[in-house]
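In the text below, chain A, chain B and the rest are named by the order of the sequence lines, each starting its count at 1.
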Amino acid sequence: MNAKKSDKLATGMIYGLVGIVVSILVALLGYILYNGVPDINWHFLTSEAQSFSAGGGVRDQLFNSLYLLVLALIISFPIALGAGIYLSEYAKDNWVTDIIRTSIEVLSSLPSVVVGLFGYLLLVIQLNMGFSILAGAIALTFFNLPLLTRNIEESLRSVPDLQREAGTSLGLSGWKTITKIILPMALPGILTGLILCSGRIFGEAAALIYTAGQSAPSVDYGNWNLFTETSFLNPMRPAETLAVHIWKVNTESVTPDSSAISSASSAVLIIVILIFNLGARYLGNKLFKKMTASK
Amino acid sequence: SNSSSATKSSSSEVSGKITAVGSTALQPLVEKAAGDFQKDNSKINITVQGGGSGTGLSQVQDGSVKVGNSDIFAEQKDGIDAKKLVDHKVAVVGMAPVVNKDAGVKNVTMDQLKQIFTGKITNWKDLGGKDEKITVVNRAEGSGTRATFESAVLGGEKAIKSQEQDSNGTVQKIVSTTPGAISYLAFSYINDKVEALSIDDVKATDDNVADNKWKIWSYEHMYTKGDPKDATKKFIEYMKSDDVQKKLVKDMGYISTNDMKVQKDSKGTVSDK
Amino acid sequence: MDDIQTRLQKSSRATRQDYFGKVICYSCIGLIILLVACILYFIASKGLATFTKNGVNFWNFLTQSDWKPGDVDKYGNPQVGALPMIVTSFSVTILAALLATPFAIGTAIFMTEIANKRGAKFLQPVIELLVGIPSVVYGFIGLSLIVPFIRGIFGGTGFGILSGTLVLFVMVLPTITSLSVDSLKSVPMHYRQASLALGATRWQTIYKVILKAAAPGLLTAVIFGMARAFGEALAVQMVIGNAILMPKNLISPASTLTSKLTTEIGNTVMGTLPNNALWSLALVLLFMSLLFNLIVRFIGRRGNIKNER
Amino acid sequence: MKTYDFNQQYISKIEQEVALSTENVQVHYGKSHAIFDASLDFPRFQITSLIGASGSGKSTYLRCLNRMNDRIAQVDGKILYRNTDINSKTINVYEVRRHIGMVFQRPNPFAKSIRENILFALKNNGINDKKELQERLETSLRDAALWDEVKDDLDKSALALSGGQQQRLCIARSIAMHPDILLLDEPASALDPISTSKIEETLKLLSKSYTIIIVTHNMQQASRISDYTAFFHMGHIIEYNQTKNIFTAPEIKATEDYISGDFG
Amino acid sequence: MKTYDFNQQYISKIEQEVALSTENVQVHYGKSHAIFDASLDFPRFQITSLIGASGSGKSTYLRCLNRMNDRIAQVDGKILYRNTDINSKTINVYEVRRHIGMVFQRPNPFAKSIRENILFALKNNGINDKKELQERLETSLRDAALWDEVKDDLDKSALALSGGQQQRLCIARSIAMHPDILLLDEPASALDPISTSKIEETLKLLSKSYTIIIVTHNMQQASRISDYTAFFHMGHIIEYNQTKNIFTAPEIKATEDYISGDFG
Ligand SMILES: Nc1ncnc2c1ncn2[C@@H]1O[C@H](COP(=O)(O)OP(=O)(O)OP(=O)(O)O)[C@@H](O)[C@H]1O
Ligand SMILES: Nc1ncnc2c1ncn2[C@@H]1O[C@H](COP(=O)(O)OP(=O)(O)OP(=O)(O)O)[C@@H](O)[C@H]1O
Ligand SMILES: [Mg+2]
Ligand SMILES: [Mg+2]
């Protein structure tokens with residue numbers, strides 16, 4: 001019965017660990033939501049931020065965060081997909097691949113400040129983008145790429161080789177096999193990775209302070225022409241995101257209600273991520289079912 | 001557009017794009033002013049960003065931005081050629097030592113303050129307060145606030161190695177929650193969660209700053225590379241106008257340059273205006 | 001017949017597709033490499049300037065503990081000693097990883113091997129949610145909850161390595177957990193079947209079969225967590241105290257490479273020693289993460305060889 | 001495919017000692033009903049084979065017998081082993097599986113060395129004596145007709161073996177545990193005739209001291225080695241009898257059709 | 001296991017038209033030599049079976065014939081198809097595989113619906129005509145003896161089928177491509193006798209217009225369906241001849257031993 005006892009013991013230990021983790025998580029989320037949710041209201045979500053009087057909102061910051069997220073994903077996902085496919089399907093097991101992997105991992109462990117400053121010097125100054133959403137999105141891409149790439153590679157790898165053989169033996173090109181057979185099967189895993197990355201993008205501040213900027217000039221939400229200065233879609237305008245706003249409010253703001261704004265913004269941020277997570281999960285499941293026709 | 005447009009200063013035909021980068025402390029003021037300014041000057045587009053005084057000065061020196069915001073004199077910064085830059089002082093900021101409320105001290109002498117920050121006095125009871133260790137929280141090395149404080153208080157001596165924070169908000173929070181903590185804050189960040197000390201029985205008020213009874217203050221600068229032109233010139237004029245100085249500057253907790261009875265140069269020498 | 005013969009020799013849609021795919025993938029990977037090379041060059045050129053242009057002694061940089069790039073010591077040499085920050089960075093990272101790993105892997109095991117579908121379904125989004133909480137928020141929660149807590153228990157100011165470790169622990173927990181879950185999930189189902197059919201208990205199966213098969217993945221997960229801890233700035237900066245002192249214990253104020261970097265970079269002027277010195281810190285960060293990666297790679301390879309033989 | 005009347009079935013009573021029996025076992029995969037009311041007695045120290053068309057539920061049923069379906073399917077009914085209902089919630093499933101070993105349709109060796117594959121479960125079981133381990137290693141590999149091929153490569157990864165070799169390793173792994181009952185799900189479908197016949201001989205030998213239940217598609221195999229045979233059809237056990245009766249004079253039409261569909 | 005003299009081999013010449021032939025094919029997995037000097041001619045519109053013990057290299061050899069070993073192993077020598085050496089680097093391997101289809105030992109349907117499994121490759125091949133697709137879908141499933149079981153569930157996921165059903169689906173998928181040559185690696189090892197015999201009939205029918213090469217462990221199967229048989233032993237092709245000769249009067253001792261090791 002020794003084995004059974006140690007099984008019980010280990011299971012108990014795992015339950016203990018999970019219990020602690022869950023209580024930390026719940027306490028943390030509870031703390032943020034408890035402090036923040038009472039201050040969230042329609043006005044808060046739909047009005048502009050105020051620099052020194054009370055009653056400011058986060059409309060622009062919220063939109064900027066979402067817009068930046070979408071833009072960053074549009075830029076980074078295809079690159080990461082290509083790189084992930086390369087690593088899982090084409091890369092040979094040699095030193096070149098080793099170097100590639102190492103450099104990707106190094107990229108992922110760069111501190112955000114460094115990436116932000118690099119983005120600042122390269123994009124904002126050198127390439128003359130100015131403080132802009134585009135510069136911010138590209139800076140975020142630097143973070144995203146290693147995470148996404150790795151995740152995509154691993155999801156692809158977890159698809160059994162039998163599937164590759166099936167495709168290959170039917171005379172399908174490697175590319176078709178990968179994109180039409182392997183990729184759909186790897187989709188749920190890829191989606192999880194995407195969600196994780198989106199979360200990071202949403203919460204990232206340090207890299208954006210120097211690239212997307214920390215002010216949110218008011219924009220015209222009716223102006224759909226993205227080449228005009230005031231359009232909300234103009235990728236060349238500076239844009240303070242929600243996370244940067246939280247940072248700014250906490251560090252330098254003189255508004256009397258700064259702590260309420262900061263807690264409410266944090267809560268909004270988390271709620272948005274939650275909605276995003278659940279939505280993506282639902283969508284992913286549907287997509288998977290559709291692509292694989294399983295019931 | 002060239003110099004001819006600069007002469008018609010009130011016409012709204014002036015157009016252009018201004019980027020102002022630098023001091024995070026000054027950012028809200030400039031940002032707000034820029035917003036108001038653009039209501040009447042729709043062709044001028046102004047972007048205001050933080051990044052720190054050092055960043056502001058180096059960018060304006062490189063010509064990457066039109067305006068560099070700084071809370072430190074360009075002369076005081078290594079690596080900046082102050083001669084190439086033109087200083088526009090847009091506000092005055094007063095700073096006061098703040099302590100955690102339960103230290104039990106409300107007034108210190110300038111010398112005591114110096115001894116605290118150089119590590120010679122380490123307990124509040126030496127100053128008539130509670131028996132509690134003094135926790136010094138300094139500001140980030142190289143920041144304008146620290147430079148101002150040290151030149152006014154330390155007189156050339158070195159501060160002890162201690163905690164450092166780079167923003168008013170964080171310092172305020174740390175001082176208000178850490179027993180025995182002392183640091184210094186711009187007037188606008190002082191609230192009832194922390195105790196602002198008087199120095200030599202002089203209270204930290206705007207009026208005392210205006211006639212230099214209160215010694216710890218500095219300017220907020222907007223630097224341009226050479227004399228400002230066109231849109232930039234118009235905007236800086238606006239910053240110095242009564243619209244901004246009488247209202248916005250006060251609202252943000254700064255002191256208007258117009259109210260000052262004295263002036264300070266980059267070496268810290270104070271003279272009557 | 002001839003038709004087929006020529007078709008065998010000629011390229012077809014499939015070859016073109018494959019070529020197309022290869023071009024795309026190689027370009028993507030090329031782009032990433034280019035990017036990494038750019039960043040490396042950028043950081044190296046700035047960070048090395050401290051030693052080449054400003055004449056700081058590299059050995060002193062690594063072993064001395066006075067950090068005053070603006071001043072000179074009595075011999076007229078700039079005082080640029082990064083040792084306290086290097087030590088602190090290492091300490092918080094390793095401590096946070098040590099603390100987080102059992103919790104993260106335990107949770108991952110729970111989610112993949114023990115929990116029913118509903119339990120895992122509940123935990124997963126919650127954990128993913130945590131990744132999205134901004135560093136600033138972690139920092140402020142640390143400042144409002146952890147620092148007073150540590151102060152209450154151990155005395156002192158509450159700022160220091162311990163507070164930094166605790167904040168980082170919570171921050172890297174979700175990262176390590178979700179990556180561990182992925183690697184556990186990728187262990188083939190039939191390993192579990194085989195082990196169970198032999199009468200192994202669930203724990204024996206987990207411990208001897210699944211964890212072993214997933215070991216490289218788990219190691220990577222931990223390293224990723226460490227990388228995140230290493231590079232984290234805003235949150236640590238708020239709770240560690242930012243004092244450039246050799247850490248004497250876990251509760252005295254200290255400063256990490258990143259916290260120093262974040263605090264000061266805005267106040268320095270590009271091209272001057274104080275600025276370059278900060279870039280040297282970034283270079284150290286980069287170098288250390290490179291080192292970590294190489295160690296992992298080495299361990300991973302040894303593990304593989306043992307498995308295959 | 002013809003449809004048959006499932007009420008028409010012929011389950012013969014077992015005269016000998018019964019090692020394992022099921023009573024009204026039902027299996028559901030979600031909502032789909034895979035096994036209907038399966039009641040069988042497995043005689044001790046005999047080989048029973050389960051035959052039937054692909055998809056008829058043989059694997060599903062077999063997997064119930066040592067609780068391998070626990071997390072996959074909903075299993076109702078009783079499974080009696082040593083007067084205990086091992087399908088009850090309170091049962092120690094590990095102990096069950098230790099006494100009722102299983103070999104799967106697809107070879108599933110661990111990504112360990114050949115030696116470790118065999119010794120893994122033994123060590124788990126607290127057997128640490130070097131000599132005993134070595135001895136079990138050798139005999140189990142011999143019994144599975146694998147010893148000669150791998151004896152010099154015991155520390156090679158099991159994954160480097162061919163499919164057939166892998167399967168024989170899995171059999172060896174199970175035998176090494178000295179189980180009471182051995183369940184085999186088409187263990188020979190990936191084996192060549194020589195290995196197959198060796199395995200069959202082994203099973204024959206083992207049946208002197210073990211109870212063996214084997215799923216097979218191979219009619220000859222069933223008729224050659226098994227004492228009893230159960231015929232599955234669409235989730236129902238249609239006929240169960242001594243193998244010689246089943247193959248010479250099946251009682252039920254469905255069985256006869258299936259067997260004669262064969263190519264004797 | 002006895003050791004034989006590998007120089008002693010008997011490879012009969014093919015009189016008929018040759019559909020595919022190999023010349024001195026060598027296969028290495030890294031440093032280990034898996035196939036030695038394999039030279040065979042496969043007659044057109046005939047079934048050739050490859051037999052031999054587990055691990056003797058049958059799968060390895062078969063996989064060379066449509067370049068499935070490209071990324072796994074080092075294959076040297078010539079493989080001639082329509083007067084072209086399809087083992088050359090410049091060959092369009094996709095085109096090769098389109099004409100030389102393959103069915104594997106383990107069923108590997110796509111995670112798609114049954115319909116999509118069949119139609120996917122066809123559509124990729126540029127066949128878009130609805131009627132043609134529907135027709136190929138049905139005939140291929142019929143030929144693989146699966147139509148009756150799945151005709152009402154064509155949009156169900158293929159992964160929900162049982163192992164045997166999955167394998168038949170894979171055969172159908174290959175047939176639907178109308179290949180020239182069909183390679184099968186123990187396609188029936190997971191099938192029940194009824195399906196197996198249906199498949200065998202299908203193969204027989206297909207051999208009127210296709211060249212078929214099949215690896216099998218089942219001696220009866222080999223003797224029943226194939227016209228030619230090649231016997232593999234430890235990476236060498238020891239004997240190759242008409243099936244009836246191989247099974248009645250093998251020339252080489254190793255072959256005889258293997259076949260008589262069987263249980264007729
Ligand atoms: N994991 C599963 N989930 C859902 N349905 C399943 C699962 N496994 C099997 N089935 C279904 O249960 C039925 C019986 O399958 P089972 O695998 O037991 O058949 P079998 O007799 O072993 O067939 P084969 O001879 O092909 O192995 C089949 O209809 C199959 O589709
Ligand atoms: N991917 C691989 N890597 C290394 N060695 C391999 C690989 N696949 C097979 N081998 C080795 O090559 C030899 C031939 O294996 P192969 O799978 O071709 O045998 P087989 O005749 O098909 O056997 P079976 O009847 O068991 O399927 C074996 O010794 C095997 O260990
Ligand atoms: Mg089965
Ligand atoms: Mg094989």
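- In terms of heavy atoms, F120(D) sits closest to S195(C) at CE2-OG, 3.6 Å.
- Atom OH of Y29(D) is surrounded by more than 12 heavy atoms from other residues, nucleotides or ligands within 6.0 Å.
- Looking at heavy atoms from C-beta onward, E116(D) lies out of side-chain contact with K208(C) at the 4.5 angstrom threshold.
- If you measure heavy-atom distances from P179(D) to chain C, you find no contacts under 4.5 Å at all.
- Proximity to chain C is absent for every atom of R67(D), based on heavy atoms less than 4.5 angstrom apart.
- Using a 4.5 Å cut-off between non-hydrogen atoms, the part of residues 124-132 of chain D that approaches chain C consists of N124(D).
- Shortest non-hydrogen contact noted between A111(D) and Y191(C) is CB-OH, 3.0 Å.
- Sequence neighbours left out, not one pair with a member in residues 204-215 of chain D passes side-chain hydrogen bond (donor to acceptor under 3.5 Å, both in side chains).
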Intermediate values then yes/no, side-chain contact (heavy atoms from CB on, under 4.5 Å), F104(D) and H190(C)
CA-CA 9 Å; F104(D) 296 83; H190(C) 67 70; over 6 Å; no
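- Around atom CZ of F45(D), more than 12 heavy atoms belonging to other residues, nucleotides or ligands sit under 6.0 Å away.
- None of R98(D), R97(D), R173(D) except one satisfies the side-chain contact (heavy atoms from CB on, under 4.5 Å) rule with L198(C); the exception is R173(D).
- Between A194(C) and F110(D), the shortest heavy-atom contact is CB-CE2, 3.8 Å.
- Among all heavy-atom pairs drawn from A197(C) and M102(D), the shortest one is CB-CB, 4.0 Å.
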